[in-house]
Number of protein chains: 4
Amino acid sequence: MSATSHLRADARRHHELIVNTARTVFAEQGPEAAMDEVARLAGVGPAVLYRHFPDRDALVRAVLEDALERMTDLAESARTEETWAFDALSRFVRGCAELRLDPLVSVIGTRIAIGDGGARLLEALERIVDAAHHEGALREDVGAGDVMGAVGLLVRGLPTLPAGLAQDLRERTAHLVLAGMRAHPAPAPPRSPMTAEELRRRITG
Amino acid sequence: MSATSHLRADARRHHELIVNTARTVFAEQGPEAAMDEVARLAGVGPAVLYRHFPDRDALVRAVLEDALERMTDLAESARTEETWAFDALSRFVRGCAELRLDPLVSVIGTRIAIGDGGARLLEALERIVDAAHHEGALREDVGAGDVMGAVGLLVRGLPTLPAGLAQDLRERTAHLVLAGMRAHPAPAPPRSPMTAEELRRRITG
Amino acid sequence: MSATSHLRADARRHHELIVNTARTVFAEQGPEAAMDEVARLAGVGPAVLYRHFPDRDALVRAVLEDALERMTDLAESARTEETWAFDALSRFVRGCAELRLDPLVSVIGTRIAIGDGGARLLEALERIVDAAHHEGALREDVGAGDVMGAVGLLVRGLPTLPAGLAQDLRERTAHLVLAGMRAHPAPAPPRSPMTAEELRRRITG
Amino acid sequence: MSATSHLRADARRHHELIVNTARTVFAEQGPEAAMDEVARLAGVGPAVLYRHFPDRDALVRAVLEDALERMTDLAESARTEETWAFDALSRFVRGCAELRLDPLVSVIGTRIAIGDGGARLLEALERIVDAAHHEGALREDVGAGDVMGAVGLLVRGLPTLPAGLAQDLRERTAHLVLAGMRAHPAPAPPRSPMTAEELRRRITG
DNA sequence: AATGAATGAGTTTTCATTCAT
DNA sequence: GATGAATGAAAACTCATTCAT
């Protein structure tokens, strides 16, 4: 049951429309995007936005909660659909990066912690980690909190770099983190090694 | 020889003073910190700041270049002072996080790449990586670019979490990445596993 | 039908209020008058001004268009109310000077030409000139463009001189221009000749 | 004897250099041109400018005095070189427009009157006017002050219009004023009549 | 005396948020 | 409840002028 289910149909539509627009705007224009801009792109007046979200913080939280919900869904699908728990873990870690959470993280600053959405996500993740411990693929000295921490760092991305390069580096780092978590020797990271030479070429290119 | 060496003595002093102040202010107040605030805390008028850095971008770049220089110094000391190259690598990765580079990364956006300072850093890093390959401790399928990428993600930090927790998670993730890079089995990550339970306690704490 | 007719009642009121205030302020304080000062004297916040006129140029253009509209009205009244077309011409030329257009002219610089308002004014003026040609009072080798040019110079005024003197000189010059335009000998300029002696006395006075 | 003759050679050179630069800068960038810009284009530091001219007003006055001196020279050459006084008058009126005095006029505002340079100019002009009265070409009811007033209006120009058009209109208006000053019927204004049609074409063109 | 850095008040402009229609 | 105009507090940036080198 969503938190918006008690609203009138049009109000709920506005709520979702604004959150979706805000996610896009924050991802594209950075964390300082103007509230008016969000309203304009959502096709509503600023007052409508403020009726739904009393201030900027509330909007940011809403987008964050929405993202956490998506991450939880991701964890659940991975868990139920993958045969091996470590594969589910791997799929979860890799999938999170696509949510474009980065701009929000710095905006929120230290003002809020993870909240309810985070609690549900952590529970979902815990189920995967427990299973991965049981199957013996995950080191016993690595916990669900470690996975959350690693994901939290990975989702931020490398915005100063060309998109394709940033993507490759994120994938390779994700692989290395997962390799470090394995109880047994890991396979090679995806694609060829990222040498200094290749990094130079792709940055300047 | 620094790029500021052609300035009059008082101007050079101001230049450095402003960069140092800006690093602190950006780290504490986030990337939107007011330029006037930087000037005020540096004890100069806004116009002095603008004489040295024509716009916000120029100041951000200067702080970034400064940080890259520090990272390069860090890489060099680690390389010359550590017996084993992998230990130097490890020391470098862990040390970078303390430079509080995070707020800058999102401000700069995609506008600039790494520039000269980044090139020098990459060269220094390459020397360590080559040595670590030679000593057989670093997987051959991991390059200097991978290290840069991992560091780039690690330095961002987890600003939404309590400082001590964010620090612990960053250290443990750094350890896991390094473990994933090792040619041979890695020692346990520092301290106890970060379980979901501990994460909950320390977030709400 | 004014260009502002699609605005809400309060917005239209503000629009006109700001233009009227701006005309006065520019006339009194010169073309560099602070935008905030215009807003303050109009009794609105600066943001209201900027909502209506996105930058200084837009405000200046609005005042100019408004003035052109007044000049057009002046031309039309003169044409319909005077028996002789040359008298209408004379009344128009003399009347324009009172619109205090001067400060605007230099601000606009070469960025805009006369625009729509100017086109309408020119048409109104053309009707008078044609009639004056027909009645034989205006030289055939003087056109409506000449009248516009002369008016453009006359409206600038002589801001360095005492107001009364500047006024007298403008009136006498207007008379001389009109005299130069007549097909037949002209009557004497108004008042006594402006001798060097009188000019000296009134400048230093 | 120039007012700068008591200065050291290099200082006098600077004085003239700055005045010349300022005339150009004011003419090109308008009356709000930055003092620093004048200094920069003159190739001196701002402090040198301020040593010579204690504030903006002083610089503006200096440029104005310089222009008045040039106008006086112009009047004198016209008087001695032309056979007929009215031709000298005509040459003077037409020649003044080229001095680009316009931007200064609005800067000075009502703060200064014409000063010493103006007095000398007026004397020179008076000699021409007296001669023109004697030769019977100039109406007796037009004095030297009238000529000054007309010139004051003519020099301002029409900065919103294309340069060639502004030039033509100024010449034709000058002709009309001179025609209005003649004791006897005047020849036709230069070139073809400026019709509304031609004005439209040249503004939009 | 020349230089160019420092000053700080002032300007334009933006934006989160509230309020009248 | 939706709309879009108003608000005023800030922020970035500029510039005339002064001062240390």
Query raised in the report: Now, which nucleotide makes the Watson-Crick or G-U wobble pair with dA1(E), with each of the two distances under 3.5 Å?
Result: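 Per the H-bond distance test, none.
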Query raised in the report: So what's dA20(E) paired with, Watson-Crick or G-U wobble, going by both distances under 3.5 Å?
Result: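 Answer to the pairing question: dT3(F), which forms a Watson-Crick or G-U pair with dA20(E).
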Gap between atoms [atom1] and [atom2], on [X] and [N] respectively (whole Å):
X: L59(D); N: dC15(F); atom1: CG; atom2: P; value: 16 Å
X: L49(B); N: dT14(F); atom1: CG; atom2: C1'; value: 14 Å
X: H15(B); N: dG4(E); atom1: NE2; atom2: C1'; value: 17 Å
X: H52(B); N: dG4(E); atom1: NE2; atom2: P; value: 14 Å
X: R40(A); N: dC15(E); atom1: CZ; atom2: P; value: 11 Å
X: R13(D); N: dA1(E); atom1: CZ; atom2: P; value: 15 Å
X: R12(B); N: dT21(F); atom1: CZ; atom2: C1'; value: 14 Å
X: F53(A); N: dA16(E); atom1: CZ; atom2: C1'; value: 16 Å

Requested in this report: Flag the pair R70(C) and D66(C) as a salt bridge only when some basic side-chain nitrogen lies within less than 4.0 angstrom of an acidic carboxylate oxygen.
Outcome: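 Result for this pair is yes, salt bridge flagged.
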Query raised in the report: Is R61(A) paired with D57(A) through a side-chain N to carboxylate O contact shorter than 4.0 Å?
Result: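 Yes.
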Query raised in the report: About how many Å separate CD1 of I18(C) and CG of L49(C), when rounded to the nearest 0.5 Å?
Result: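 Output value for this atom pair is 4.5 Å.
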Query - Interatomic distance, L41(C) atom CG to E28(C) atom CD [nearest 0.5 angstrom] - result: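 Spacing of CG (L41(C)) from CD (E28(C)) equals 8.5 Å.
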Report task. Compare side-chain N and O positions of H14(B) against OP1 and OP2 of dA6(E) and report whether any pair is under 4.0 Å apart. Result ->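 True: H14(B) side-chain N/O within range (under 4.0 Å) of dA6(E) OP1/OP2.
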Query raised in the report: Is the phosphate of dA2(F), meaning OP1 or OP2, less than 4.0 Å from a side-chain N or O of R51(A)?
Result: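 True: R51(A) side-chain N/O within range (under 4.0 Å) of dA2(F) OP1/OP2.
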Can you confirm whether [X] sits close enough to [Y] that some side-chain heavy atom of one is under 4.5 Å from a side-chain heavy atom of the other?
X: V19(A); Y: E16(A); result: no
X: R13(D); Y: L17(D); result: no
X: R23(B); Y: N20(B); result: yes

Query raised in the report: When you check every protein heavy atom under 4.0 Å of nucleotides 8-14 of chain E, what one-letter string (B, S, -) results, 5' to 3'?
Result: BB--BBB
